[in-house]
Amino acid sequence: MSVKKEIVERVCDILAKREWGQETVQALSDLDLNLSPFQINEVLKQQKDTERALSFFNWAKDQRGYKHDAHTYTTMLGILGRARNFEALDCLFNEMLREGCKPSIVTYNRLIHSYGRANYLEASRNIFNHMHTVGCKPDRVTYGTLIDLHTKAGCHDTAVGFYDMMQQAGYCPDTFTYSLMIHCFGKAGKLTAAYRLFCEMVDQGYPPSLVTYNTMIDHFAKAGKFDMAMKLYNDMKEAGYRPDQVTYSIMMEVLGHSGHVEEAELVLFEMEQAGWTADAPIYGLMVDLWGKSGNAEKAVEWFNKMIHSGVKANVPACNSLLSAYLRLNSYNAAREVLQSMSKWGLDPSLQTYTLLLSCCKGTEQQQQIDLMLSLKGRIEHPAHTFLCSFLTSEPSDTRSLIRHFFDCMQFEEQETKRGFADSLIDFLHDSGLKSAAGHVWDIVVEKSLYPRAVTDKTPHHWSVNLHVMSIGTALVALLRTLVLFKERMVTSGVAPERVYIITGWGRRSRVAGASLVKHAVESLLNSLGSPFHIDGANLGCFVSKGKPLFQWLTEPQVEQVLVF
DNA sequence: GGATACAGTC
């Protein structure tokens, strides 16, 4: 081992031994070394604990003749970003500038990533714009990071915008960026565009990576195009890739969701034969698949298999098991899952609470309601505190309460927050608390949790997309959006040519052709005598023209329904 | 020497 490497290891050992303190400082100075920024950086990279990393970083700063460089600052900024300590991160970045250390492209890329992963997307875009003003030219990684962040937030159009910008800036897409965009189009439901890019990358001489194959296979499979998924799976093997855990997970999920959970089990065994070991997420997937198929015995069997194989249960796996029991109204078993979680030191997540909330619906037996409430009350999650204060608050306080709660949930994934919001709105709507449900909808729109729900295809075509929502959320969203459309028409004085209400026709529901959302929307529209109708081949889409729509919206009995 | 992607709770 080189002397340089040995020094780095000795420093790491000292740091790992104890909490940062006087003893650490003494031990470091006993080494009597003049560490270079390179070595400091190597040490920093190995630090898992943010506080310790920062103490070491500050200690280094005080060493005689030492000065941090762009690499060490960047690494430290990355560590703070990962810990979501933005106060310290801003402070350190300012210090970097003050010290005359010029941020590099990597520094900016890390900042963009740090803010974006914490859902501060606007801050990410501001940094991107700031780069231009200081003459730092964004590179492929910058664009790739922004594409990924916006894809994850569901802002697919913005992601495409960054892809176009990247090409205008003179960068051709590479394997990495192609994979990102294929994922983006797939997530946006544009399978054809995704596959077109896949073919384009091959034509351009960029070989698809294992990740590209996995992504494309997943999107084909989720869209029900199993022949294409299978073809790519074979192509992938022909290209010399061996399926990895992700490939196997994708296959298992597809099989499970199309009613072939036993085949999914076989894939897991095949995966083990191929030398991979099942981890908590893979076991969790089996628990989930059996649970969703209504077989709680098999779900718990796999859960126990996980424990016995020495894999520690994680929160998602527990949620899957909990969900399996709740689905069958087995509240005592559900309670035991919650107790086990607490015993294992696993904190219930927002999803745990969402599951319990979704179960509070459609129950008329007082005994079941009581059981549910006792389960929910057991959970120490901010969501429970929020819901309790929300249900008892003065109407004038509700909006600020909701806003504050979602502010506290800043770091949760969009999808998770959307799931909670959906259950909450559905629950409130179902309980007859329409006005409260409307407030929640307004705030989640304000927080961009449904970036694709209300869109304008062109200035003359407006649409609202309800097809992934629960019934209650879809109805609340529809009424609120109609109010919005009406206000737009009033202020602009212009009526759009077409207005679309997209409900889906049930492709995603268990029984094809039976969309509960569509039926609920249809009855509401019919009961109010609306001008919306099914037009053309899309059975899940209601259409109307702007002018008759405006007239209808101003009818007194309609206005009455819209005010809540 | 420092930075980016795929599956898995709903």
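Note on naming: letters A, B, ... go to the chains in the order of the sequence lines (proteins, then strands), and numbering restarts at 1 for each one.
Between Lys222(A) and dC6(B), a side-chain N or O to OP1/OP2 separation shorter than 4.0 Å is absent. Under 4.0 angstrom from either OP1 or OP2 of dC10(B) there lies no side-chain N or O belonging to Lys417(A). In this structure, His71(A) does not reach the dA3(B) phosphate: none of its side-chain N or O atoms is under 4.0 Å from OP1 or OP2. In this structure, Thr72(A) does not reach the dG2(B) phosphate: none of its side-chain N or O atoms is under 4.0 Å from OP1 or OP2. Within the structure, every side-chain polar atom (N or O) of Lys45(A) is placed at least 4.0 Å from both OP1 and OP2 of dG1(B).
One can place CZ of Phe198(A) at 15 Å from C1' of dA5(B), the figure rounded to the nearest angstrom. Going from atom CD1 of Ile471(A) over to atom P of dC10(B) covers 19 Å, rounded to whole Å. When the C1' atom of dA3(B) is taken as reference, atom OH of Tyr108(A) falls 15 Å away, rounded to whole Å. Phe420(A) has its CZ atom 15 Å from the C1' atom of dT9(B), to the nearest Å. Between the CD1 atom of Ile182(A) and the P atom of dA7(B) there is a distance of 13 Å, rounded to whole Å. Between the CE atom of Met236(A) and the C1' atom of dC6(B) there is a distance of 12 Å, given to the nearest Å. Atom P of nucleotide dT4(B) and atom CZ of Arg82(A) are separated by 10 Å, given to the nearest angstrom. Whole-Å rounding puts the Ile105(A) CD1 to dG2(B) P distance at 16 Å.
Between the side chain of Asn109(A) and the base of dG2(B), no donor-acceptor pair under 3.5 Å is found. With hydrogens and angles ignored, a donor-acceptor pair closer than 3.5 Å exists between the side chain of Ser104(A) and the base of dG2(B).
Nearest to the side-chain atoms of Ile250(A) among the listed nucleotides dT9(B), dA3(B), dA7(B) stands dA7(B). Picking from dC10(B), dA3(B), dC6(B) the nucleotide with the shortest atom distance to the side chain of Ser323(A) gives dC10(B). Comparing dC10(B), dT4(B), dA7(B) against the side chain of Ser249(A) picks out dA7(B) as the nearest. Proximity note for Thr107(A) (side chain, C-beta onward) versus dA7(B), dT9(B), dG2(B): the nearest is dG2(B). The Ser349(A) side chain lies nearest to dT9(B) when the options are dA5(B), dA3(B), dT9(B). With dG1(B), dC6(B), dC10(B) as the candidates, the nucleotide lying closest to the side chain of Thr215(A) is dC6(B). Candidate nucleotides dG2(B), dT9(B), dA5(B) were compared by shortest atom distance to the side chain of Asn319(A), and dT9(B) ranks first. Relative to the side chain of Ala70(A), the nucleotides dC10(B), dG2(B), dA5(B) differ in distance, and dG2(B) lies closest. Set against dA5(B), dA7(B), dC10(B), the side chain of Arg117(A) has dA5(B) as its closest nucleotide.
Using a 4.0 Å heavy-atom cutoff across all strands shown, Ser320(A) reaches sugar-phosphate atoms only and no base atom. Residue Asp422(A) is classed as having no contact, given no heavy-atom separation below 4.0 Å to the nucleic acid. When heavy atoms are screened at a 4.0 angstrom cut-off, Asn314(A) is found touching no nucleic acid atom at all. Ser358(A) comes within contact range of no nucleotide atom at all, as no heavy-atom separation falls under 4.0 Å.
Between His113(A) and Tyr115(A), the gap from one ring centroid to the other reaches at least 6.0 Å.
Ion pairing of Glu301(A) with Lys298(A) is present here, as a side-chain N (NZ or NE/NH1/NH2) and a carboxylate O approach within less than 4.0 Å. Here Glu415(A) does not pair with Lys152(A) in a salt bridge; the nearest charged N to carboxylate O distance is not below 4.0 Å. A salt bridge between Arg418(A) and Asp422(A) is absent, with no side-chain N of the basic residue lying under 4.0 Å from a carboxylate O of the acidic one. Ion pair Lys67(A)/Glu99(A) flagged as a salt bridge, since at least one NZ, NE, NH1 or NH2 atom sits closer than 4.0 Å to an Asp/Glu carboxylate oxygen.
Tested against Phe220(A) for a ring-ring contact (aromatic ring centres under 6.0 Å, His included), the candidates Tyr195(A), Phe226(A), Phe198(A) yield a single pass: Tyr195(A).
Applying the side-chain hydrogen bond (donor to acceptor under 3.5 Å, both in side chains) rule to Tyr163(A) yields no partners; only residues at least two apart in sequence or on another chain are considered.
Here Phe176(A) lies parallel enough and close enough to stack on the base of dT4(B), with planes under 30° and ring centres under 5.5 Å apart.
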